[in-house]
Amino acid sequence: MTRRDEIECWLTDMDGVLVHENQALPGASDLIQQWRDQGTPFLVLTNNSIFTPRDLAARLRTSGLDVPEESIWTSALATADFLKSQMPGGTAYVIGEAGLTTALHEAGFIMTDTNPDYVVVGETRSYSFDAITKAIRLIGKGARFISTNPDATGPSAEGPLPATGAVTAMITKATGRDPYVVGKPNPMMFRSAMNRIGAHSENTAMIGDRMDTDVVAGIEAGLHTILVLTGISDRTEIERYPFRPDEVLRGVDELVVREPIETEL
């Protein structure tokens, strides 16, 4: 098993690990700065496909975290990366926001509702009945069904919102076809992230707050897994699963290396 002092590259989840309700969690800013000062390759991962990395970098800055946009890897980027590897220059009918459409455009894909190669569903705050109907009909005609992430709900100040998984479930019910999901817990998202920074599984760690996505995908990708207790999972939750993270920490502040304080004799 890889020891923490052997880790050379880091992947970390965003919500529940670095930020909570748009506020930086204790130690998050120091940890990001530590990695940047040391030249340590790292990526901040999120299943949210609404925002572009530039948007997310700006949102993180308002939370008190200085993360360069090139250090952010979204399920939209992972999806675009996957589709480009499968069918360079392909076509897609997209239900999603700028984060997804921009990623696919930059990967060389053409957006169309005429016989597309793929129907791609991501996070959006404006699902329309017409768009879902069109997706169902295109999949019925043979378009391949792709989803950026499986999350059924997302958080908001007023309570849970229906998310990508809830919409794809509706399409699955109508078509009998399940989507191929690129984001967590598919370890492919971690592999594409590692490719982005030239990392190898034997010396890369994943920090997450969820047993059912971050930890299981990290284990399946062969990474050193660290669960922090500042988000979804608690110690009771860990006992429900047949697998274990390599480490359980109170929060990312425990990963910050602090210089010993010199005291005068």
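Just so you know, residue 1 is the first one in the sequence shown, and it goes up from there.
Between P68 and R36, some side-chain heavy-atom pair lies under the 4.5 Å cut-off. The shortest side-chain heavy-atom distance between P162 and V167 does not fall under the 4.5 Å cut-off. Two residues are said to be in side-chain contact when any heavy atoms from C-beta on lie closer than 4.5 Å; F190 and S201 fail this criterion. A 4.5 Å side-chain heavy-atom check between C9 and I197 finds at least one atom pair inside the cut-off. By the 4.5 Å heavy-atom criterion applied to side chains, V181 and N186 are not counted as neighbours. Side chains of L255 and W10 form a contact here, defined as non-hydrogen atoms less than 4.5 Å apart. Side chains of N22 and T62 form no contact here, defined as non-hydrogen atoms less than 4.5 Å apart. Counting heavy atoms from C-beta on, the side chains of R191 and P187 come closer than 4.5 Å.
Other residues, nucleotides and ligands contribute more than 12 heavy atoms inside 6.0 Å of the CZ atom of R177. More than 12 non-hydrogen atoms from other residues, nucleotides or ligands lie less than 6.0 angstrom from CG of D66. The local environment of CZ in R54 is sparse, with at most 12 non-hydrogen atoms from other residues, nucleotides or ligands closer than 6.0 Å.
By the side chain to side chain contact (heavy atoms under 4.5 Å, CB included) test, Q38 pairs with Q34, T40, sequence neighbours left out. Judged as a ring-ring contact (aromatic ring centres under 6.0 Å, His included), and not counting sequence neighbours, F51 has no contacts. Applying the ring-ring contact (aromatic ring centres under 6.0 Å, His included) criterion to F82, with sequence neighbours excluded, gives Y180. Under the rule for a side chain to side chain contact (heavy atoms under 4.5 Å, CB included), the partners of A107 that lie at least two apart in sequence or sit in another chain are A80, K84. In this structure E247 satisfies the side chain to side chain contact (heavy atoms under 4.5 Å, CB included) test together with R4, H224, I226, L249, sequence neighbours excluded. Contacts of R244 classified as side chain to side chain contact (heavy atoms under 4.5 Å, CB included), with partners at least two apart in sequence or in another chain: I238, E239.
There is a side-chain donor-acceptor pair under 3.5 Å between D117 and T91. Under 3.5 Å, the side chains of D55 and T52 contain a donor-acceptor pair of N or O atoms.
A side chain to side chain donor-acceptor pair (under 3.5 Å) with N47 is found for exactly one of T164, N149, D151, namely D151. The only member of N48, T124, T102 that meets side chain to side chain donor-acceptor pair (under 3.5 Å) when paired with E97 is T124. Here the options are V44, D214, I207, L223, the test is side-chain contact (heavy atoms from CB on, under 4.5 Å), and the partner is L11; only L223 passes.
Connection of V248 to I7 is not established within any shared hydrophobic cluster, with ILVMFWY side chains joined at heavy-atom distances below 4.5 Å, either directly or through further cluster members. Linking ILVMFWY side-chain heavy atoms closer than 4.5 Å, directly or via other members, places L56 and L77 in two distinct hydrophobic clusters. In the hydrophobic clustering of this structure, M87 groups with M188; members are Ile, Leu, Val, Met, Phe, Trp, Tyr whose side-chain heavy atoms approach within less than 4.5 Å, directly or through other members. Residues F145 and L83 are members of separate hydrophobic clusters, defined by side-chain heavy-atom contacts under 4.5 angstrom among Ile, Leu, Val, Met, Phe, Trp and Tyr.
Nearest heavy-atom pair across S75 and S49 is OG-CB, 3.5 Å. When every heavy atom of N115 is checked against every heavy atom of L138, the shortest pair comes out as N-CD2, 4.4 Å. Heavy atoms only, all atoms of each residue included: A28 and L18 are closest at CB-O, 3.4 Å. The two residues T148 and E123 come nearest to each other via the heavy atoms OG1-N, 4.1 Å. Residues G251 and T230 approach most closely at CA-CG2, 4.0 Å, considering heavy atoms. In plain terms, the two heavy atoms of T153 and A163 that are nearest each other are C-CB, 3.6 Å.
D13 has a carboxylate O that lies under 4.0 Å from a charged side-chain N of K184, or vice versa, which qualifies the two as a salt bridge.
Side chain of T74 to main chain of A76: a donor-acceptor pair is present (N/O by atom type, distance under 3.5 Å, no hydrogens or angles). A donor-acceptor pair under 3.5 Å is absent between the side-chain atoms of D209 and the main chain of V17, judged by distance alone. Between the side chain of S233 and the backbone N or O of M211, at least one donor-acceptor pair lies under 3.5 Å.
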Legend entry - Chi angles and distances behind the salt bridge (charged side-chain N to carboxylate O under 4.0 Å, His left out) call for D81, R196: CA-CA 10 Å; D81 189 65; R196 171 77 175 262; over 6 Å; no

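Atom CD of Q23 sits about 10.0 Å away from atom CG of L65, to the nearest 0.5 Å.
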